[in-house]
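All values below were derived from every heavy atom in this structure, side-chain atoms included, with hydrogens, water molecules and symmetry-related copies excluded.
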Amino acid sequence: MGEALFERDGSLVTVVLDGQPQSAVDVDDPTRLDFEYVQHFALAIEALAADGPLRVTHVGGAGLTLARWLNHSRDGSPQIVLEPDAALTDAVRRELPLPRGHRIRVRPVDGLTGVAALRDASADVVVLDAYAGGQVPPELGTLEWFGELRRVLAPGGLVLANVADEPGMAYAARVAAGAREALGHVAFLGLHEVLKGKRFGNLVLVATTHPLDLYTLRRSTASAPLPTGVMGWDEILRRRPGARPFSAAGGDTASSPPPPARGAWRRR
């Protein structure tokens, strides 16, 4: 990966890597979540996760925006971040120091290696937000990968994944199919215009081993600052009939579609 750039606009700092914005951190306000999908991560956690501190594993770190938000909103939460780019982590620590007393631990390993080393049932929430060159690596969208996430997920836990796709959801539907087969229950959370296939964008995959409380999730989106909706599995299948999981064992994998040129990414 290339060298990280830090673009400053007042207290907001955007971390840019390989020409793509990776994170946006407000150094004065950890509750400000500038990227749409990060807001959706937070919405899902608040709507569906248990109260109090949470054991959270992040696959992908960059500017540690969500980890900072959790440190503030769920004080005392122990967090593990799997981020293989040690130079990026060093730059983030230097330019955007973490608050005192945090319980965020960054391990310089990739997702597959880092998750394999975790204990069974050791995470209440697993957040997948890992990109290389603007695309989700192929190994992080397979049935086998979601099977590993199920192993480390505690009973009642929650898997959240940032899935970028083009209109039509050909890639996202296959990722959701793998998560559903491995964990049991899935839905997408996203902006209405992305869910309706009007533009390229980020969807947040929500996956659990227990029935999803879609009523509570939809009720939470009604008060969201952005026009946000929920798409359950039945609707995903109507959009992409016959969607089947990616499989590493079957040699059937793919990265997410390449992102549009910078400037097409939208913010709050």
(message) Distance check, rounded to the nearest 0.5 Å: Asn202 atom CG versus Asn162 atom CG?
(response) 4.5 Å
(request) Measure the spacing between OG1 of Thr253 and CD of Glu139 and express it to the nearest 0.5 Å. (result) 8.0 Å
(request) Measure up the Tyr37 and Phe35 rings against each other and bin them: parallel (under 30°), tilted (30 to 60°), perpendicular (over 60°). (result) tilted
(request) Look only at the side chain of Ser23 and the backbone of Gly63, and say whether a donor-acceptor pair between them is shorter than 3.5 Å. (result) yes
(message) Show, in sequence, the C-alpha distance, side-chain angles and deciding distance for Leu98 and Ile104, and conclude whether the side chain to side chain contact (heavy atoms under 4.5 Å, CB included) test is met.
(response) CA-CA 9 Å; Leu98 289 165; Ile104 302 167; 3.9 Å; yes
(request) Compare every heavy atom of Leu82 with every heavy atom of Val115, then report the nearest pair and how far apart it is. (result) N-CD1, 3.7 Å
(request) Mind checking side-chain contact (heavy atoms from CB on, under 4.5 Å) for Ala86 and listing every partner two or more places apart, or none if nothing turns up? (result) Pro108
(message) Looking at every heavy atom in both Ala243 and Ala177, which two are closest together, and how far apart are they?
(response) O-CB, 3.7 Å
(request) Any chance you could lay out the side chain to side chain contact (heavy atoms under 4.5 Å, CB included) test for Leu64 and Thr89, step after step, and finish with the verdict? (result) CA-CA 9 Å; Leu64 306 173; Thr89 299; 5.8 Å; no
(request) List the steps and the verdict of side chain to side chain contact (heavy atoms under 4.5 Å, CB included) for Glu3 and Leu17. (result) CA-CA 7 Å; Glu3 183 179 356; Leu17 193 64; over 6 Å; no
(message) Does this structure show an ion pair linking Glu148 with Arg151, if we count only N-O contacts that are shorter than 4.0 Å?
(response) yes
(message) Tell me whether Glu144 is salt-bridged to Arg150, with the criterion being a basic N under 4.0 Å from an acidic carboxylate O.
(response) no
(message) With side chain to side chain contact (heavy atoms under 4.5 Å, CB included) as the criterion, how do Val56 and Ile80 come out once you've worked through the C-alpha distance, each side chain's angles and the decisive distance to 0.1 Å?
(response) CA-CA 6 Å; Val56 183; Ile80 296 171; over 6 Å; no
(request) Can you see which heavy atom on Gly190 is nearest to which on Leu195, and at what distance? (result) O-CD1, 3.5 Å
(message) Do Trp69 and Val38 make a side-chain contact, defined as non-hydrogen atoms from C-beta onward lying under 4.5 Å apart?
(response) no
(message) Is any side-chain heavy atom of Val206 closer than 4.5 Å to one of Phe188?
(response) no
(request) Work out which heavy atom in Ala187 is nearest to a heavy atom in Val230; give both atom names and the distance. (result) CB-CG1, 4.3 Å
(message) Do Val125 and Arg55 have side chains that approach each other closer than 4.5 Å (heavy atoms only, starting at C-beta)?
(response) no
(message) Under a 3.5 Å distance rule, please check whether Ser77 uses its side chain to pair with a backbone N or O of Pro53 as donor and acceptor.
(response) no
(message) Let's go through Thr228 and His40 carefully: what are the C-alpha distance in whole Å and the side-chain angles of both, what is the deciding distance for side chain to side chain donor-acceptor pair (under 3.5 Å) to 0.1 Å, and is it a yes or a no?
(response) CA-CA 8 Å; Thr228 300; His40 294 152; 3.0 Å; yes
(request) Taking all non-hydrogen atoms of both residues into account, name the closest pair between Gln39 and Pro225 and its distance. (result) OE1-CG, 3.6 Å
(request) Sequence neighbours left out, what pairs pass salt bridge (charged side-chain N to carboxylate O under 4.0 Å, His left out) with at least one residue falling in residues 89-110? (result) Arg8-Glu95
(request) Would you give the length of the straight line joining atom CG of Leu153 to atom CG of Leu183, rounded to the nearest 0.5 angstrom? (result) 6.5 Å
(request) Would you check if Val175 and Phe246 make a side-chain contact, meaning some heavy-atom pair closer than 4.5 Å? (result) yes
(message) Less than 4.5 Å apart, side chain to side chain, heavy atoms only: is that true for Thr14 and Val16?
(response) yes
(message) Closer than 3.5 angstrom, by distance alone: can the side chain of Arg174 be matched with the main-chain N or O of Arg244 as a donor-acceptor pair?
(response) yes
(request) Spell out, as yes or no, whether a donor-acceptor pair under 3.5 Å connects the side chain of Arg240 to the backbone of Tyr171. (result) no
(message) Can you give me the closest heavy-atom contact between Val92 and Arg68, atom names plus distance?
(response) CG1-NH2, 3.6 Å
(message) Is it the case that the side chain of Ser122 and the backbone of Leu118 share a donor-acceptor pair, with hydrogens and angles ignored and the cut-off at 3.5 Å?
(response) no
(message) Check whether Asp165 reaches the backbone of Ala172 with its side chain - one donor and one acceptor, N or O, closer than 3.5 Å.
(response) yes
(request) For Ser255, check side-chain contact (heavy atoms from CB on, under 4.5 Å) against everything at least two apart and list the hits. (result) Gln135, Pro138
(message) Treating Asp85 as the side-chain partner and Leu88 as the backbone partner, does any N or O pair qualify as donor plus acceptor under 3.5 Å?
(response) yes
(request) Would you please say whether a donor-acceptor pair under 3.5 Å links the side chains of Asp26 and Ser11? (result) yes
(message) Nearest 0.5 Å, please: how far is CZ in Phe41 from NE2 in His58?
(response) 9.5 Å
(request) State the CG-CD distance between Leu5 and Gln22, to the nearest 0.5 angstrom. (result) 11.0 Å
(message) Looking at Lys198, is its backbone amide N or carbonyl O close enough to the side chain of Glu193 to form a donor-acceptor pair, meaning the two atoms are under 3.5 Å apart?
(response) no
(message) Test of understanding: clusters of I, L, V, M, F, W, Y form through side-chain heavy atoms closer than 4.5 Å, transitively. Do Leu143 and Leu205 belong to the same one?
(response) no
(request) Determine yes or no for a side-chain-to-main-chain donor-acceptor pair under 3.5 angstrom, with Thr221 supplying the side chain and Gly229 the backbone. (result) no
(request) For residues Met231 and Val186, determine if any side-chain heavy atom of one lies less than 4.5 Å from a side-chain heavy atom of the other. (result) no
(request) Give, for atom CG of Leu70 and atom CG of Asp75, the distance between the pair rounded to the nearest 0.5 Å. (result) 11.5 Å
(message) Is it true that Ser220 and Glu46 share a donor-acceptor pair across their side chains at a distance under 3.5 Å?
(response) no
